[in-house]
Each structure stands twice: as structure tokens, then as C-alpha cells.
Amino acid sequence: VYVGGYSFNYVSTNSDMDYVILKYNALTGVPVWNSPAFFNSPGTFWADVLTAMKVDDSGNVFVTGSSTNSGSTYWQTVGFNSSGVQTNETPEGTGGVDIAYDLDLDGSGNIFVIGKTSASNITIKKYYPVNPTFGTTWSTSITNGLGTGNYAYNGAKIKVQSGNVYGFINADYDASS
């Protein structure tokens, strides 16, 4: 059983929020890892908020979410091996507000992330693990697929199945703009 979220000051005393992942034995409820896996953005006063987590068939854990500091928010995708040791990390962003909402895995070890960019576009990226980072195979943005007007994106889900990628967008139309 894997549990993921975020915690204040887990790794530091700088009022940081950090990704935290725990692994438990499904039969006994006993922790499998001696200490939780965590991710803390470099620097101080970062708010790292985990939004999605997937585990592959080998027990590797992949998480995504957002990291905020000084008014800029980046999406942050991180990989951990089956022992909870961080293996990969890729910050993505333009220096505005970039938020990763969800991720999914395919059978070949690729990671697919869906999120929002500063330009208010929904973006899907396909990564492959390359230590200590992730390589990007492709990226696509949905800019005007919802029609004209201003939309507030407040979530998205992604599903990879039979070689196809499906994105589900939760958007509200803002008639006041």
C-alpha cells in the first residue's frame, strides 16, 4: 500500500512543504520503508504539493505536482525506486503558474503528465526515465479546443490505454472576462 501527500517541514525547518510517500505491507500494515520517501525542491521556502502518484509493475513510484516559490509555480515530476530512493526529477515551467494535475504510465516505462501552463493551456507531456532526470519524448498543448472565451482550468486527468492517451479536462467558463 502506497500513501502520498505533502508535509510541512518534513526535511527542513524553512517552512517548506515537501512531497512525502509512504509504503506499507498490505497484509500487516507495517511500514516497508525505514523512513518515508520525500522530495524537497532545492532552495528555501518552496511549497511542494503532490497531486498524483502511480506505481509501476516493478514497484517504482512516480509522483507529480507543483512547486511554488516567490510567486512562480512549476510542475515537478519525481521518480523513486522500489526502495524509496529518488531516481529522477524534472521541473517544468515558464516562471508563471504551471500546475501538474495527473500522471499515468504505459507498459514501456513512459510517464504521461497532464497540467496547465502559464499561458492557460492544458499540456500533455510524455517522459521517459533517464537518471537523474526525465527525457521528454513529446509535448502537446490544447489551446482553443474548448471554443472561444476564458476558461478556468481546475483539474485534469490522464489515462493511457492500448497505445492511446486520453485527457479529461475540468474547465469552467468565465463569462465575466
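Residue numbers start at 1 and run along the sequence shown.
Residue W75 is grouped with residue F134 when hydrophobic side chains (ILVMFWY) are merged at heavy-atom distances under 4.5 angstrom, including chains of intermediate members. In terms of hydrophobic clustering, with Ile, Leu, Val, Met, Phe, Trp and Tyr side chains grouped at heavy-atom distances under 4.5 Å, L22 and V1 are assigned to a common cluster. Residues I114 and I111 fall into different hydrophobic clusters, defined by Ile, Leu, Val, Met, Phe, Trp and Tyr side chains chained together at heavy-atom separations under 4.5 Å.
When all heavy atoms of I99 and V97 are compared, the pair lying nearest together is CD1-CG1, 3.8 Å. The minimum heavy-atom distance linking G84 with A37 is given by the pair O-CB, 3.3 Å. G109 and P129 get closest at one heavy-atom pair: O-CD, 3.1 Å.
Residues passing the side chain to side chain contact (heavy atoms under 4.5 Å, CB included) test with P31 are Y24, sequence neighbours excluded. Every side chain to side chain contact (heavy atoms under 4.5 Å, CB included) that V61 has, sequence neighbours left out, goes to Y2, I21, W33, M53, V55, V63, F80. For Y74, the side chain to side chain contact (heavy atoms under 4.5 Å, CB included) criterion is met by W46, S72, not counting sequence neighbours. Under the side-chain hydrogen bond (donor to acceptor under 3.5 Å, both in side chains) criterion, T123 pairs with S141, not counting sequence neighbours. When the side-chain hydrogen bond (donor to acceptor under 3.5 Å, both in side chains) test is applied to D56, the partners found at least two apart in sequence or on another chain are N60. The side-chain hydrogen bond (donor to acceptor under 3.5 Å, both in side chains) test applied to S66 returns no partner, not counting sequence neighbours. Every residue meeting the side-chain hydrogen bond (donor to acceptor under 3.5 Å, both in side chains) condition with T73, not counting sequence neighbours, appears here in chain and number order: T68.
Checked by atom type and distance alone, the side chain of S67 never pairs as donor or acceptor with a backbone atom of Q76 at under 3.5 Å. Side chain of T51 to main chain of T64: a donor-acceptor pair is present (N/O by atom type, distance under 3.5 Å, no hydrogens or angles). Put simply, the side chain of D104 gets close to the backbone of V160: a donor and an acceptor are under 3.5 Å apart. Looking at D48, its side chain never comes within 3.5 Å of a backbone N or O of Y19 through a donor-acceptor pair.
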Subject >> Residues V165, I124; criterion side-chain contact (heavy atoms from CB on, under 4.5 Å); working and verdict >> reply: CA-CA 9 Å; V165 179; I124 299 172; 4.3 Å; yes
Subject >> Residue pair V113, I158: steps toward the side-chain contact (heavy atoms from CB on, under 4.5 Å) verdict >> reply: CA-CA 7 Å; V113 179; I158 192 163; over 6 Å; no
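Sorted pairs that involve residues 60-82 and meet salt bridge (charged side-chain N to carboxylate O under 4.0 Å, His left out), not counting sequence neighbours, are lacking altogether. The salt bridge (charged side-chain N to carboxylate O under 4.0 Å, His left out) pairs that include a residue from residues 121-136 are E92-K125, where partners are two or more places apart or lie in different chains.
With rounding to the nearest 0.5 angstrom, the CD atom of Q161 is 12.5 Å from the CG atom of D106. Note: Y101 OH to I122 CD1 = 5.5 Å, rounded to the nearest 0.5 Å.
Within the hydrophobic cluster formed by Ile, Leu, Val, Met, Phe, Trp and Tyr side chains joined at under 4.5 Å, directly or through other members, F168 is accompanied by Y166.
Atom CG of D57 is surrounded by 12 or fewer heavy atoms from other residues, nucleotides or ligands within 6.0 Å.
In this structure, Y127 and W138 have side chains that are not in contact, with every pair of non-hydrogen atoms separated by 4.5 Å or more. N110 is not listed as a side-chain neighbour of L105, based on a closest heavy-atom distance of 4.5 Å or more.
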